[in-house]
Amino acid sequence: MEKIVLSGDRPTGPLHIGHYVGSLNKRVELQNSGECSKLFMMIADTQELISHTDSQERIRNHVAEVAIDYMACGLNPEKSIFFVQSQVKELFELTCYFLNLVTLDGLRQNPTVKSELSLQGFHDHIPAGFLAYPVSQAADIATFKADLVTLRQDQLPLLQQTREIVRTFNRCFGEVLTEPEAVLPSKPVCSKLPGTDGKARMRNSFNNCIYLSDSPELLKKKIMAINTDPSRMKTKEPGFLDRNPVFAYLDAFCGEKQFKEFLPDYRNLEELKEHFKKGGINDVKIKNFLFNVLLAELEPIRSRRQILEKDKGQIYGILQKGSKIASEAAAITLDEVRKAMKIDYFNMPVVYFT
Ligand code: TRP
């Protein structure tokens, strides 16, 4: 079957390697698989505005940066529809209808809302829009009748919430909307890439990211500064793999091919890990290997990025065109939604008005 795909990113800043292994490379795979009829790539600016009402200028700049990152990674605007959330008004209309299908308690219990709440530090000033954001995400997905949504493991509650809302809608008003499924990264580590500081997640607001746009010099500096294991003072001491970002990045990025190319003393990552655990291998050697692995993967992305960056006008053109196509698709669904809800008053035959 020809699948419809939806992916979304908040424009929190330039995209980092967590985004890349967590979802971008999966999207490129889906795009090029020939199995998807439509792929919608949404830049969720409205969602980012919920908790950053004072950063419009920053968000505005980041929208273009995200689109540049998409293209640099291999998403092709001829094949995938890039669009900006705020420009598709139907998303907000459907959010509004969906809000009646959930309860406040249900939203407060949503695991993603709970964990985000503790990070955002709203205290007693939780914006109403924040509690409603799982509903808005459900609308993002349902508006395009997406069959597949690219997600990280920790975002699965988002999908669950969407499926519940869609089911409720279809039960109340008739079978109009599609229950989506998740497409997860191929390896578990790609769902939770740690930050360079060892924090559990790489995140723009934590300042612990390796960006797709980082220069080779900066990449090297960031890798060399990673604190792998503060208790291990000497090379011959055994090393620990737990909470070690260097090995997490190798897990995510490296196969046998890279060993042949950059570290032929070992056949694969398992062998390198064994040696590291026993002791006798120098951190710098592993970090240099990681640098080569990442550089080989990221350098083509960075050079494409540098070319794309020069023509922001072209990028806005792509986003404008994509937003128009997305709006047209959304308008069709919303017509069906209004009809199902019997609020399509003026689409009736003229005879009703005489
Ligand atoms: N919450 C996602 C993020 O933080 C962005 C997003 C908004 C999204 N709506 C979505 C992702 C719908 C998938 C589906 O990056």
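Keep in mind that the numbers below use all heavy atoms, side chains included, and drop hydrogens, waters and symmetry copies. As the structure lists them, so they are numbered: ligands from 1, and atoms in each ligand from 1. None of these values were measured; they are calculated from a predicted model.
Polar contact check, Asp140 against ligand 1: a nitrogen or oxygen pair lies under 3.5 Å apart. For ligand 1, the polar-atom distance check against Tyr133 finds no nitrogen or oxygen pair separated by under 3.5 Å. For the pair Thr150 and ligand 1, the shortest N or O to N or O distance does not fall below 3.5 Å.
Side-chain atoms of Gln85 and Glu48 include no donor-acceptor pair closer than 3.5 Å. Side chains of Lys89 and Ser327: no donor on one and acceptor on the other come within 3.5 Å. No side-chain donor from either of Glu116 and Tyr133 sits under 3.5 Å from a side-chain acceptor of the other. Between Ser80 and Gln31, the side chains place a donor N or O and an acceptor N or O closer than 3.5 Å (distance only, hydrogens not considered). At a cut-off of 3.5 Å, with distance as the only test, no side-chain donor of Tyr316 or Gln320 sits close to an acceptor on the other residue.
Annotation for ligand 1: atoms under 4.0 Å from non-hydrogen atoms of Gly8 are 5 (C), 8 (C), 11 (C), 13 (C), 15 (O). Applying the 4.0 Å criterion to heavy atoms of Met42 picks out, from ligand 1, the atoms 7 (C), 9 (N), 10 (C). Less than 4.0 angstrom separates some heavy atom of Ala44 from each of these atoms of ligand 1: 7 (C).
Contact annotation for Thr12 and ligand 1: no heavy atom of the residue comes within less than 4.0 Å of the ligand. If you look at Gln85 next to ligand 1, there are no close heavy atoms at all, none under 4.0 Å.
The shortest contact between atom 14 (C) of ligand 1 and any protein heavy atom is with Leu6 CD2, 3.6 Å. Protein heavy atom in closest approach to atom 1 (N) of ligand 1: Gln137 OE1, 2.6 Å. Of the protein's non-hydrogen atoms, the one nearest atom 7 (C) of ligand 1 is Gln47 NE2, 3.4 Å. Looking only at heavy atoms of the protein, atom 4 (O) of ligand 1 is closest to Arg10 NE, 2.7 Å.
Within the 4.5 Å cutoff, the side chain of Phe276 has heavy atoms near those of the Asp283 side chain. Under the 4.5 Å side-chain criterion, counting only non-hydrogen atoms from C-beta, Val246 is not in contact with Phe289.
The local environment of CZ in Arg60 is sparse, with at most 12 non-hydrogen atoms from other residues, nucleotides or ligands closer than 6.0 Å.
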